Number of protein chains: 4
Amino acid sequence: MNRRARTPKAKQEKKEQILAAAKALFFEKGFYGTRIEMIAKKAGVSTGTVYLYYKNKIEVYKALQDEGVGILSEMISQVISWPGMSALAKLSEVARTYYRFHNEYREYFDIMAILCVTPKDLKESESEISKIIDGKTFSLLKMVEGVLQEGIEKSEFISLDTWKATNVFWGMLDGLILLAERRNIENVIGVDLEELFKQALEMSFYGILKQN
Amino acid sequence: MNRRARTPKAKQEKKEQILAAAKALFFEKGFYGTRIEMIAKKAGVSTGTVYLYYKNKIEVYKALQDEGVGILSEMISQVISWPGMSALAKLSEVARTYYRFHNEYREYFDIMAILCVTPKDLKESESEISKIIDGKTFSLLKMVEGVLQEGIEKSEFISLDTWKATNVFWGMLDGLILLAERRNIENVIGVDLEELFKQALEMSFYGILKQN
Amino acid sequence: MNRRARTPKAKQEKKEQILAAAKALFFEKGFYGTRIEMIAKKAGVSTGTVYLYYKNKIEVYKALQDEGVGILSEMISQVISWPGMSALAKLSEVARTYYRFHNEYREYFDIMAILCVTPKDLKESESEISKIIDGKTFSLLKMVEGVLQEGIEKSEFISLDTWKATNVFWGMLDGLILLAERRNIENVIGVDLEELFKQALEMSFYGILKQN
Amino acid sequence: MNRRARTPKAKQEKKEQILAAAKALFFEKGFYGTRIEMIAKKAGVSTGTVYLYYKNKIEVYKALQDEGVGILSEMISQVISWPGMSALAKLSEVARTYYRFHNEYREYFDIMAILCVTPKDLKESESEISKIIDGKTFSLLKMVEGVLQEGIEKSEFISLDTWKATNVFWGMLDGLILLAERRNIENVIGVDLEELFKQALEMSFYGILKQN
DNA sequence: AATGAATGAGAGTTCATTCAT
DNA sequence: CATGAATGAACTCTCATTCAT
């Protein structure tokens, strides 16, 4: 790696290097437990350099959130685009994908989740990137809504307010995963997360599926 | 307001006075955005006095959580105890009650939610009160499970793993509320939370209700 | 013990009660490690009561020093007053007594010793009791000087400046005891304190004894 | 004075700059009477900078002790290495040197002395530097022992346990200086310290010198 | 005389951010 | 561009002393 990132490519690399370090640390120690100096050291740069690429600590955090939402969007959009799949199967796949994301990219998930519950601290600086994240989240939900609409059009599902149902569906998934994080499900509740997901989907689909 | 709290009652009052100040501030500014000095000032006491009643900042926070869980438990236990009500109606009431709690005691809700997602920071100091809160949360869920069991016994619901279902049910509610917190539902999504709750319940109940 | 010490005797008792508690704590935890509240609790009184009997923390400390010097003075004065004993034997007894005091009243010794090395902190408040302590220390040394004079008069010792010699003698004893405190003599140096005392006395007496 | 110390040399200078400020303050106000902020201000840096060079307050203190022991060691080792000097003269020079150190580096002396008598407070944090100081103190005493051995070999002194005698000798010197510190010798006792040292040496040497 | 709740000025330490080099 | 030394406001928690009761 160059000490000085003169080319745009090299600059981008350094930026990602910093982000990678931040991701690991934010995940391990949380936002308040992570110091800029730690990120710099792990990224192999100096403290000042972090500020060369990111306005401040919160912006680093948001960049990670953005990345996370991006990854999840990408995963879901792929699943949804599979041709020759019923809407029901797609919806089921969406849930499974979200679950997979939670497992494979736990770091991102945790980072994305924090934002929602300490909004006053972190959200106050209404920056450019905040809007980007909001936009990406919105289009993610819109994709899911698309599947519902498809299902209704294909008469798989009963007719319902798709936007409401999307939010319910997504909220439910969120709730389950957070539940899993909160209490150590396997230990405390004695039920594993995948089981719960299945149960939840069954419960929902009974409500959505057209009974013929 | 007593200047010196000499009786146990007066001491209790002062303790609550401090807690009330803390509640408002934690809600407004978050845990890390609130300084002990602020709490003291708002409560009309000195910094030292806060430490006379609470061991440290985290204990103040936990006292609030405990209070919140207590209030919610009380609300739900009342609803559940209504005689001559179907299990379905009770479950629906539970959801509505949770929603009401979120509206009326938003401060508590936010405080209770933080704990779950930043466990590394705050949960490390495993104190007495932590166990109390965990216990209360557990018995809250157990109450809900009771309704499900009742429904199955009365043949309202299909036979299912009640503990799993309880967690799914509660997780879903949590998810929906968090969803609402995260994005300002009314503005961004254009759907209000109560609507979503209704939809969610309908969706779930189709899955639970015995079809005859 | 009366809650209210109305009689002078009862007052004196309470004062000593506090002092006893302070002694144990100052010894165990040092001046800065001891809080007034601790002393009060151990003495079975309230914080405020301590201030009823002593002007402040330092005065409590000084009262202990005074008591310590008093005890040591008493011990030495007794030894010195034994009739039919050579001056040399008396001097040797003085040393042995100081050593005994260090062993039996270690608490006092430590308290008395601290004063000398943190003079700026504690000595600044030139109070009544400071003068009393200084006076007692002075008369203690004067007693020792008396033995030396006696020895010269009896032609046991060579003629020397008794006041200088007294200070040298005492300083040497002090030095040895402090040495013992500082390094854990038995462990680090491999020599025990009594041995050192004997050696020191022998060394001194060779210098003092009249060679005939 | 550099604003930013970038070279190792400049850093070392800044470290010493802080230490110099600390020395003056610890001497004047004692350990507990000195605040980090004072040290920073006197050194012309900010509070944070102090912590850039020293882990905490105690480490600053220990660095001073180390420096003090170092200076004294150096002074004594020089005196001892003078060729063509009798062991007796060397021992006498050692005492005089210790006295000189006490006069010229009083600040160090006081700082070094505190450690020994409040071990519970300060010694608990057994750090790297503590061991270094202990080691230096030990080798200082070993140097003095060397002189005694030399004296015995050259038949100047009677044969005795050199390690015991070294400790007695040093303890005596310590005791005398502490005596001087405790009571303001010139004023209260009316004898100056140098006089006492001479007397002490004479007394000891009578005990050590081979009588021929 | 006695209490012990209340005070509030610290005190040490941290760390996001800046800026001289 | 990059560095990393320097900053200093923040922040939690302590504890000698006071004073209302």
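Hydrogens, waters and symmetry mates are skipped; everything else that's a heavy atom, side chains included, is used. In this text the structure is predicted, and so the values were computed from the model without any measurement. First the proteins, then the strands, lettered A, B, ... as listed; each starts at 1.
- Looking only at distances, no side-chain donor or acceptor of A:Lys23 sits under 3.5 Å from a matching main-chain atom of A:Ile111.
- Residue whose closest nucleotide on DNA chain F sits further toward the 5' end, between A:Gly48 and B:Thr47: A:Gly48.
- Shown here, E:dA20 forms a base pair with F:dT3; the pair counts as Watson-Crick or G-U wobble because both key distances fall under 3.5 Å.
- Side-chain N/O atoms of A:Arg35 and base N/O atoms of E:dT14 include no donor-acceptor pair closer than 3.5 Å.
- Base-pair partner of F:dG8: E:dC15 (Watson-Crick or G-U wobble, both distances under 3.5 Å).
- Using a 4.0 Å heavy-atom distance criterion, C:Thr34 is classed as a sugar-phosphate-only contact.
- When the side-chain nitrogen and oxygen atoms of C:Lys55 are compared with OP1 and OP2 of F:dT17, none of them lie within a distance under 4.0 Å.
- Counting to the nearest Å, the C1' atom of E:dA5 and the CG atom of B:Leu52 are 6 Å from each other.
- Between B:Val45 and D:Tyr51, the residue anchored closer to the 5' end of DNA chain E is B:Val45, taking for each the nucleotide with the nearest heavy atom.
- Rounding to whole angstrom units, CD1 of residue D:Ile36 and C1' of E:dT14 are separated by 13 Å.
- Rounded to whole Å, the distance from CD1 on A:Ile39 to C1' on F:dG4 is 16 Å.
- Residue D:Ser46 places none of its side-chain N or O atoms closer than 4.0 Å to OP1 or OP2 of F:dA6.
- Neither OP1 nor OP2 of F:dA5 sits under 4.0 Å from any side-chain N or O of D:Lys14.
- When only modelled atom types and interatomic distance are considered, C:Glu13 and C:Gln17 share no side-chain donor-acceptor pair under 3.5 Å.
- Geometrically, B:Lys11 does not engage B:Tyr53 in a cation-pi contact, judged by NZ or CZ lying under 6.0 Å from the ring centre and within 45° of the ring axis.
- Stacking of C:Lys15 on the aromatic ring of C:Tyr54 is recorded, both the 6.0 Å distance cut-off and the 45° axial limit being met.
- Taking atom CD1 on B:Ile18 and atom C1' on E:dA6, their separation rounds to 11 Å, with Å as the unit.
- F:dG8 atom C1' lies 14 Å from atom NZ of D:Lys41, rounded to whole Å.
- Rounded to whole angstrom, the span from the OH atom of A:Tyr53 across to the C1' atom of F:dC1 amounts to 7 Å.
- Between the NZ atom in B:Lys57 and the OG1 atom in B:Thr34 there is a gap of 6.0 Å [rounded to 0.5 Å].
- Regarding B:Glu37, its CD atom lies at a distance of 9 Å from the P atom of F:dC11, rounded to whole Å.
- When heavy atoms are screened at a 4.0 angstrom cut-off, D:Tyr54 is found touching no nucleic acid atom at all.
- The NZ-C1' distance, from B:Lys57 to F:dA10, rounds to 11 Å in whole Å.
- For A:Lys11, whose side chain is taken as the heavy atoms from C-beta onward, the closest listed nucleotide among F:dA5, E:dT3, F:dC1 is F:dC1.
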